[in-house]
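Inspection log for the structure reproduced underneath, given as structure tokens.
Model, not experiment: these values are computed from the prediction. Every heavy atom of this structure was used, including side-chain atoms; hydrogens, water molecules and symmetry mates were not. Naming: A, B, ... by sequence-line order, numbering from 1 per chain.
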There are 2 protein chains.
Amino acid sequence: MDARTFKDAIYGDFARMGKVLSSPKRFELLDLLSQSPKSVETLARESNMSMANTSKHLQALLDARLVDYQKNKNYVIYQLANPKVVNLLFSMKSIAEDQISEINHLREDFIVRGDQLETIELEDWFDLKEGDSHVLIDVRPQSEFLSGHIEGAISIPVEELNDHFKNLPSDKEVIAYCRGPYCVYATEAVEFLKEQGYQAARLEAGVHEWKQYQANQNH
Amino acid sequence: MDARTFKDAIYGDFARMGKVLSSPKRFELLDLLSQSPKSVETLARESNMSMANTSKHLQALLDARLVDYQKNKNYVIYQLANPKVVNLLFSMKSIAEDQISEINHLREDFIVRGDQLETIELEDWFDLKEGDSHVLIDVRPQSEFLSGHIEGAISIPVEELNDHFKNLPSDKEVIAYCRGPYCVYATEAVEFLKEQGYQAARLEAGVHEWKQYQANQNH
DNA sequence: TAACTATTCAACTGATTAGTTGAATATTAC
DNA sequence: GTAATATTCAACTAATCAGTTGAATAGTTA
């Protein structure tokens, strides 16, 4: 085998990763799976695709070995095949954030409500949590909370906030987080809680940002 | 804007990175540029593409803002637009290595010659270099050496080894490195030097692996 | 065993992409 | 001002991809 043949083969293999992530829908599926394993039905609903199309994309991810699955009765529960997938998604988002200004505009407008929403960085949360005047809530679906959550958080899925918010101490500020910087659940939660008279702010991080922050602190 | 519209827009932007890296040829171009800025002509030659096709791919990379350029007389010198591109390539390679066993087979067969080539890990080089019995050579094109190289290395491009190897001390072991784990230059250099009676080994790292190793040590 | 549920597959359509060919453009050198 | 050099563009062809539709498959439940 000559060098050119070797390079063509090697770059062909490397580019398979790019190819599988060239689809916005497959990217979203991987993001969803990074929060917890999920069934085809759940993934189809969350990503707004047909079951057939969702299954097709999952087959592509399976073929690239970025996901694998376990059967549970009639359900096929898909999960990330390698924790490095999270790093890969991070890396792609990070550079997309730097190079595509539209991303920041979209986030500013839709997630941070044009800077009208009070937000807290993860670094600041670590200071605040030493005191006793804040409570941290995880507003993702409970299955995602059970898969992994920021230490000290209480699970109150945003869809259940109306039923459970009264359990929150009214003399503390509520810090809400969800799937990460591009998830709107925490924004909705903070808006709702403010309407109910609470002090509330959105944490600009999800469970993966928190884990990465912890890992960096422990060096 | 509702949540679904926002997500479709955001994932569309994220997936643009995947899309641009879904082409083996664009991946190779970015890899080449990670070693040093280069002209279209040089990139076409190194990647074995026509000038027209090379230019087309570079326009796609430009559009995604992963590269930018400077003019030098008739030459357009392309370069990486953001150092994070190197991280992104690393991340994609890392997961491809884990998930595509063919990659390791190809490397084993072609780069390490079925384990018949003596190799040294970067960690081990840091021990060896404290002594006085080894010399480190960079066998990439000199322009890449000038762009950045492992500290203490001497530049002897593999194509010029025949003319310059006699300058190497015959009582020391020669450690050769090139662009990284998937570059064959160091393999060719080691084989040539052994034929000339030298003790030689291939360093399983390039300048980026070295920089990353240094950064990790300084935490 | 039949009905139901969840998932996957095959075939199709329309859109997108990779590479080539020939032409156009920009800059330099003489 | 012309020729040469480096690069980019437009138009084409063939291949690939995304989503849909209808059917098939696999497993469960009553």
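- With sequence neighbours excluded, the residues that form a side-chain contact (heavy atoms from CB on, under 4.5 Å) with T187(A) are I111(A), R113(A), L117(A), V184(A), E191(A), R202(A).
- Atom P of nucleotide dT17(C) and atom CD of Q59(B) are separated by 15 Å, given to the nearest angstrom.
- Side-chain proximity of K25(B) to dT8(D), dG19(C), dT7(C): nearest is dG19(C).
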Checking side-chain hydrogen bond (donor to acceptor under 3.5 Å, both in side chains) for the pair Y75(A)/Q70(A): CA distance, chi angles, key distance, verdict? CA-CA 8 Å; Y75(A) 293 88; Q70(A) 288 171 347; over 6 Å; no

Return all side-chain donor-acceptor pairs below 3.5 angstrom for residues 84-91 of chain B, not counting sequence neighbours, or 'none' if the list is empty.
unit_1	atom_1	unit_2	atom_2	d
K84(B)	NZ	S94(A)	OG	2.9
K84(B)	NZ	D98(A)	OD1	3.4
K84(B)	NZ	D98(A)	OD2	2.9

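- Taking side-chain N and O atoms only, H57(B) has a distance below 4.0 Å to OP1 or OP2 of dG19(C).
- Just one residue in the list K25(A), R45(A), M49(A), Q59(A) forms a side-chain contact (heavy atoms from CB on, under 4.5 Å) with T54(A), and that residue is M49(A).
- The CG-P distance, from D8(A) to dA18(C), rounds to 15 Å in whole Å.
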Walk me through it: do K38(A) and E144(A) pass the test salt bridge (Lys or Arg N to Asp or Glu O under 4.0 Å)? CA-CA 9 Å; K38(A) 293 179 170 68; E144(A) 296 180 11; 3.0 Å; yes

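- With sequence neighbours excluded, the residues satisfying side-chain contact (heavy atoms from CB on, under 4.5 Å) with A96(B) are F14(A), M17(A), I100(B), I103(B).
- The residue S23(B) sits close only to the backbone: its heavy atoms come under 4.0 Å of sugar-phosphate atoms, none of a base.
- Counting only heavy atoms from C-beta on, K19(A) has its side chain closest to dC17(D) among dC17(D), dA6(D), dT8(C).
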Would Y78(B) and D68(B) count as a side-chain hydrogen bond (donor to acceptor under 3.5 Å, both in side chains) here? Give the steps. CA-CA 6 Å; Y78(B) 281 90; D68(B) 56 29; over 6 Å; no

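- Within 6.0 Å of OH on Y213(B) lie more than 12 heavy atoms contributed by other residues, nucleotides or ligands.
- Between E28(B) and R4(A), at least one side-chain N (NZ, or NE/NH1/NH2) sits under 4.0 Å from a carboxylate O, which counts as a salt bridge.
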Heteroatom pairs (N/O) under 3.5 angstrom, protein to nucleotides 20-25 of chain D:
none

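- The CG-C1' distance, from D63(A) to dC9(C), rounds to 15 Å in whole Å.
- Contacts between residues 26-48 of chain A and DNA chain C, defined by a heavy-atom separation below 4.0 Å, involve S39(A), V40(A), E41(A), listed by number.
- By the 30° and 60° cut-offs, the orientation of the rings of F165(B) relative to F192(B) is perpendicular.
- Residues D31(B) and Y11(A) bring a donor and an acceptor atom of their side chains to less than 3.5 Å of each other.
- Applying a 4.0 Å cut-off to non-hydrogen atoms, the residues of residues 69-77 of chain B that approach DNA chain C are K73(B), N74(B), listed by residue number.
- Rounded to an integer number of Å, the gap from M51(A) CE to dT8(C) P is 8 Å.
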